[in-house]
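Input: a single structure, listed below in structure tokens.
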2 protein chains.
Amino acid sequence: MKSYLQMSKEELMECKADLEKAFEDAKGKGLKLDMSRGKPAAMQLDLVMPIMDILNSKSDLTSRDGMDCRNYGGPDGLPEAKELMAAMIDVKPEQVVVCGNSSLNIMYDTVSRSVTHGVCGSTPWCKLEEVKFLCPVPGYDRHFKVTENFGIKMINIPMTPQGPDMDLVEKYVNNDPAVKGIWCVPKYSNPQGYSYSDETVRRFARLRPAARDFRIFWDNAYGVHHLYDDDQDYLIEILEECKRAGSPDMVYKFSSTSKITFPGSGIAAIATSLNNLEEIKAQLTYQTIGHDKVNQLRHVRFFNGDINNLKEHMRKHAAIIRPKFEAVLEILDSELAPYGVGSWTRPKGGYFISFDAPEGCAKASVDRAKKAGVTMTGAGATYPYHKDPHDSNIRIAPTLPSLPDLKLAMLIFTVCVKLTAAERLLKEMD
Amino acid sequence: MKSYLQMSKEELMECKADLEKAFEDAKGKGLKLDMSRGKPAAMQLDLVMPIMDILNSKSDLTSRDGMDCRNYGGPDGLPEAKELMAAMIDVKPEQVVVCGNSSLNIMYDTVSRSVTHGVCGSTPWCKLEEVKFLCPVPGYDRHFKVTENFGIKMINIPMTPQGPDMDLVEKYVNNDPAVKGIWCVPKYSNPQGYSYSDETVRRFARLRPAARDFRIFWDNAYGVHHLYDDDQDYLIEILEECKRAGSPDMVYKFSSTSKITFPGSGIAAIATSLNNLEEIKAQLTYQTIGHDKVNQLRHVRFFNGDINNLKEHMRKHAAIIRPKFEAVLEILDSELAPYGVGSWTRPKGGYFISFDAPEGCAKASVDRAKKAGVTMTGAGATYPYHKDPHDSNIRIAPTLPSLPDLKLAMLIFTVCVKLTAAERLLKEMD
């Protein structure tokens, strides 16, 4: 087979005619397939259902340290919940605060607090002329939305398979005092599934920020979300690394059980230095009298307080989603690779595959797929301000649809990408 | 019996000697009784335990509108949860957003959002020279802490049995554009147990604020928390009243099930105008992907979606705490009234009794009680900045201790107040 770039105009027009027919066929089916968000499938949620039996009206709802979990109190979380979350994110329990159901909410609060109160005594960001955040791209849209919401200027940092371009990160962080933060998904990144290399993490820890209130927002959302038992990415623990490098306060680490138990009914945590924790705990006393401790207890008991049970549970998730990732890759490999259309990542974990359409083809491809009943994450969503400078990146979220639906959706998607690419090439030939 | 004020120096000294002996006796007992916070007692939490059986691994966790409550989504709450909370706080379901476990957290977020983003297009409060809040006193310490945390200047407004001094409220709100809000606990107020009169609510609704971003923070924490079946306070619904008065956007109404089911594991809600809701919902999309919908469902099903079941459930709470309120009043009536020492409220609902010691005696009385093992809410806590200008008010929280413990604690408390009052009078006689 020939790549589109090698085809003559006639050959391309023939392809285009076939693709148009395939597209019309797909439209005629009246499908409604959603691949827009990284949501677990019903089958994954089914395997969590036993958590609903863990506690009942006969249960003793007392925590290890004797707190009646049914009552007010314990704003920083139960000791046993701290222990479980600490084991999950490779830190010590005393470095952890366990909060409510959403790590996004903790990140939002962390930015919000910095805006109104500053960071460990620094000038509140709302009093500054300009505040900037570095945003590895493509990245997670909800991160970018948080900083956009506070009027923080976002600067794109290209991602590589080893993590963000660290030359650029160092240039900005070490020289510009307006740069106050960077968004990171260090393991099985959203959307590429890349994991930061040892060198990348070490360079992060060795940053010498021009702003003393610069913080790394380390969203370890997919720390235990491997697809394969025998081929997993490994990540150096950043808090320890920063401590060793003499910057113990430089990182906030976030995590949750949203894609482990029930999204929305899980527990979330922040881990950081004792200095930072002191500030966070002080703020928490104004915000709440305590998070949902019964749910913390439910989670601890579901895993019997043992990280190995949690890891075993994640193997069951993997068994459900691994075939979906593989199906997406197979279809991209068979339907697009021979024509040299687009490129994509091959993650070993996480929730996404990053797809790069030929330049200028992302938006049109996604719009076209939508017309055939296939909803993808909006083109541009993986960039700050929804602006992909190359109009190329599309995030593929394989988990939610059933395997047959997913295959159908991906076939339609590849048709849409090829059709858009062919049209574009033909236009360039005119 | 004679009131202390009528006693001779000798009589007072005799009293004092007896009280000192009683105090030393109490100290010798090595008690540890906590009356500092409005926490439900274990017995109240026990009656909530059946909620733990409402959902199990066989339950259908689908909401009325077909949402899988186990997954992401629904940031503004389940329709059936909105309906239940709306019935509880006398509004329409479409005026409600159901959030996480804490109404304090919603209030904090509401102030925080106003500080960083303004209110419906107004200047963000962080950009203003000065922002002021009116604080009916005595009032709820955690309200005052929220505004203090954001550097908002707090102005004391005296409470009356009909609500805040409305002449003063009108003077401030209608003339000073820096006054952006007022904290209200309109029913069974914290700590007096007063409920705002019809006239008070109508005058609130008819405020003509100098600041267009002025909002009433209406914390209806004790809306269904009656002590008596046949003698309940009634409150005019403020949102409807404001709408009628032409100021539909002037109120945020807050509520939760914290003292209905489990504190910390309940559900909380905000109700307001559609204009305000639009702003709140937009903000929520940055903060979270959704609150705990499984817990919302648990609550709806526990009450079978029927407000009458919730009211019936509150009667069971009342049966437990009513004797405690009555015991406190009996002891105050028998131990203090005959001596003319102090004054107190007689609430028909809520969680507190407000006690006024003779001027200058609150802090010393509370400190003394602490030495005898009885922890009261800190003197001053009911005032902004912890400053009670008369050093008089003490919040009594009768719910947490057992009835025998409560009686013992109150007896010791009255000894401490009398002793402090006698010492003070004797000092004045010198």
Side-chain angles (χ1 to χ4, degrees), chain A residues 37-42 45-46 48-53 55-59 61 68-74 100-102 104-105 108-109 112-113 115-117 124 126-127 142 145-146 148-151 258 261-266 282-283 285-295 400, chain B residues 37-42 45-46 48-53 55-59 61 68-74 100-102 104-105 108-109 112-113 115-117 124 126-127 142 145-146 148-151 258 261-266 282-283 285-295 400:
Chain A
R37 304 286 336 168
K39 282 179 159 185
L45 303 177
D46 289 346
V48 181
M49 284 305 279
I51 203 175
M52 301 301 294
D53 297 329
L55 302 179
N56 61 46
S57 61
K58 307 285 170 235
S59 303
L61 301 180
D68 186 341
C69 293
R70 304 171 305 175
N71 219 327
Y72 285 115
N101 72 330
S102 156
L104 180 66
N105 208 161
Y108 179 96
D109 280 352
S112 185
R113 186 183 58 246
V115 169
T116 55
H117 289 77
C126 67
K127 303 290 182 199
R142 289 189 186 266
K145 284 284 176 195
V146 168
E148 183 177 2
N149 170 58
F150 287 102
S258 290
T261 60
F262 293 143
S265 303
Q283 191 81 1
T285 65
Y286 300 119
Q287 288 184 280
T288 179
I289 311 180
H291 296 103
D292 188 339
K293 295 184 296 298
V294 171
N295 202 34
L400 186 61
Chain B
R37 305 287 331 167
K39 281 179 156 184
L45 304 177
D46 288 346
V48 181
M49 284 305 279
I51 202 174
M52 301 302 293
D53 297 329
L55 303 179
N56 61 45
S57 61
K58 308 285 169 232
S59 302
L61 301 180
D68 186 342
C69 294
R70 304 173 303 177
N71 219 327
Y72 286 115
N101 72 330
S102 157
L104 180 66
N105 208 160
Y108 179 96
D109 280 352
S112 184
R113 186 181 58 247
V115 169
T116 54
H117 290 77
C126 67
K127 303 288 183 201
R142 289 188 185 268
K145 284 284 176 195
V146 168
E148 184 178 0
N149 171 58
F150 287 101
S258 289
T261 60
F262 293 143
S265 304
Q283 191 80 0
T285 65
Y286 300 118
Q287 289 183 279
T288 180
I289 311 180
H291 296 103
D292 187 340
K293 297 186 294 300
V294 171
N295 202 34
L400 185 62

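In what follows, chains carry the letters A, B, and so on, assigned in the order in which the sequence lines appear, proteins first and then strands, with residues in each chain numbered from 1. The basis for the numbers below is simple: all heavy atoms, side chains too, and nothing from hydrogens, waters or symmetry mates.
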Roughly how far, to the nearest 0.5 Å, is [atom2] of [Y] from [atom1] of [X]?
X      : Y      : atom1 : atom2 : value
A:R70  : B:M52  : CZ    : CE    : 9.5 Å
B:F262 : A:N295 : CZ    : CG    : 12.5 Å
B:R142 : A:Y286 : CZ    : OH    : 11.0 Å
A:S112 : B:Q287 : OG    : CD    : 8.0 Å
B:L400 : A:N71  : CG    : CG    : 6.5 Å

Segment of B:V294 engaging chain A (4.5 angstrom heavy-atom cut-off): both

Under 3.5 Å, is there a donor-acceptor pair between the side chain of [X] and the main chain of [Y]?
X      : Y      : answer
B:K127 : A:C126 : yes
A:H291 : B:S102 : no
B:D53  : A:S57  : yes

Is any side-chain heavy atom of B:K145 closer than 4.5 Å to a side-chain heavy atom of A:T285?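 Not in contact.
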
Give, as side chain, backbone, both or neither, the part of [X] having an atom under 4.5 angstrom from any heavy atom of chain B.
X      : answer
A:A42  : both
A:P50  : backbone
A:Y108 : side chain
A:I51  : neither

Mind ranking [options] by heavy-atom pairs under 4.5 Å with chain A and telling me who comes out on top?
options                      : answer
B:V115, B:N56, B:N149        : B:N149
B:T116, B:I289, B:D68        : B:I289
B:T261, B:V146, B:V48, B:L55 : B:L55
B:N101, B:L45, B:D46, B:L104 : B:L45

Does any donor atom in the side chain of A:T288 or B:N105 lie under 3.5 Å from an acceptor atom in the other side chain?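 Side chains of A:T288 and B:N105: no pair found under 3.5 Å.
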
Can a side-chain donor-acceptor contact be found between B:S265 and A:D292 if the only test is distance below 3.5 angstrom? yes

Max heavy-atom pair count under 4.5 Å with chain B, selected residue of A:Q283, A:E148, A:K58, A:K293: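 Top count of heavy-atom pairs under 4.5 Å with chain B: A:Q283.
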
Residue among A:G38, A:G100, A:G73, A:P40 with most heavy-atom pairs under 4.5 Å to chain B: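 Counting heavy-atom pairs under 4.5 Å, the top option is A:P40.
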
